[in-house]
Amino acid sequence: MALLPILEYPDPRLKTVAQPVTEITEKVSRLIRDMAETMYAAPGIGLAATQVDVHLRVIVIDISETKNDLLVLINPEILAASGEIYGEEGCLSVPSYYDQIKRAEKITVRILTETGETREFEAEGLLSVCIQHEMDHLRGILFVDYLSKLKRSRIAKKLKKQRQMTM
Ligand code: GNR
Ligand code: NI
């Protein structure tokens, strides 16, 4: 297992559009294990492959209190979306910044499982928000992209300053 470095805003690699997984190889399985380890260590409730500079449609999520309910989403697709929900979002690629973002409240998702089976399920509340946040990463979108240009430039400036201090 290995902890993977997480890209931080405004790294241009976070804008890369991820490619679908065509075959669940040993390499993909290792990526999933390493992403889970990285998410738990961060700690975070989700992680998209884009954030660790791998541009494949792979997501890991665990919104449980006990951190023992890992969800792996390969090639996720949203089949239906309804309602509206506002939640405070954060992102491991935008450390120490949080803001309210509007999302669909309920979604129907189709994924490929690690064993190569297609599965459909419904999600609402925090899980729904998290899936939408992670799926945005796969198309190169960050939650700060929904904020004003002014807010975004302030965030970029603050993160740059923070990084300078710790280097
Ligand atoms: O850890 C995370 N918390 C979170 C809180 C509200 C909405 C979305 C998230 S995802 C985030 C981890 C992350 O950056 N995933 O891409
Ligand atoms: Ni994120």
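Just follow the structure's listing: the first ligand is 1, and inside any ligand the first atom is 1. What's counted below: heavy atoms across the whole structure, side chains too, no hydrogens, waters or symmetry copies. Remember, predicted model here, so these are calculated numbers, not experimental data. When a residue number appears, it is its place in the shown sequence, counting from 1.
At the top of the distance list for atom 14 (O) of ligand 1, counting protein heavy atoms only, stands L92 N, 2.8 Å. When hydrogens are left out, the protein atom nearest atom 1 (O) of ligand 1 is I45 N, 3.0 Å; that is the closest non-hydrogen contact.
With 3.5 Å as the limit, one finds no donor-acceptor pair spanning the side chains of H55 and Q19.
Not one N or O on the side chain of T38 forms a donor-acceptor pair closer than 3.5 Å with the backbone of L3. Of the possible polar contacts, one joining the R152 side chain to the V144 backbone as a donor-acceptor pair under 3.5 Å is found. Panel note: side chain K15, backbone I141; no donor-acceptor pair is recorded below 3.5 Å.
Each of the following atoms of ligand 1 lies closer than 4.0 Å to a heavy atom of H133: 8 (C), 10 (S), 13 (C), 14 (O), 15 (N), 16 (O). Atoms of ligand 1 lying under 4.0 Å from at least one heavy atom of C91, given by number and element, are 14 (O). Those atoms of ligand 1 with a heavy atom of G44 less than 4.0 angstrom away are 1 (O).
The CG atom of D11 lies 12.5 Å from the CD1 atom of I6; values are rounded to the nearest 0.5 Å.
Rounding to 10 degrees gives 100° for the angle at the Ni ion (ligand 2) between SG of C91 and NE2 of H137.
The name of the N, O or S atom in H133 nearest to the Ni ion (ligand 2) is NE2.
Of the listed residues (G90, C130, G46), the one carrying the non-hydrogen atom nearest atom 9 (C) of ligand 1 is G90. Among H137, E134, E89, E88, the residue whose heavy atom lies nearest to atom 10 (S) of ligand 1 is E134.
R119 and E114 are not joined by a salt bridge, as no carboxylate oxygen comes within less than 4.0 angstrom of a charged side-chain nitrogen.
For L56 against A49, the heavy-atom pair with the smallest separation is O-CB, 3.4 Å.
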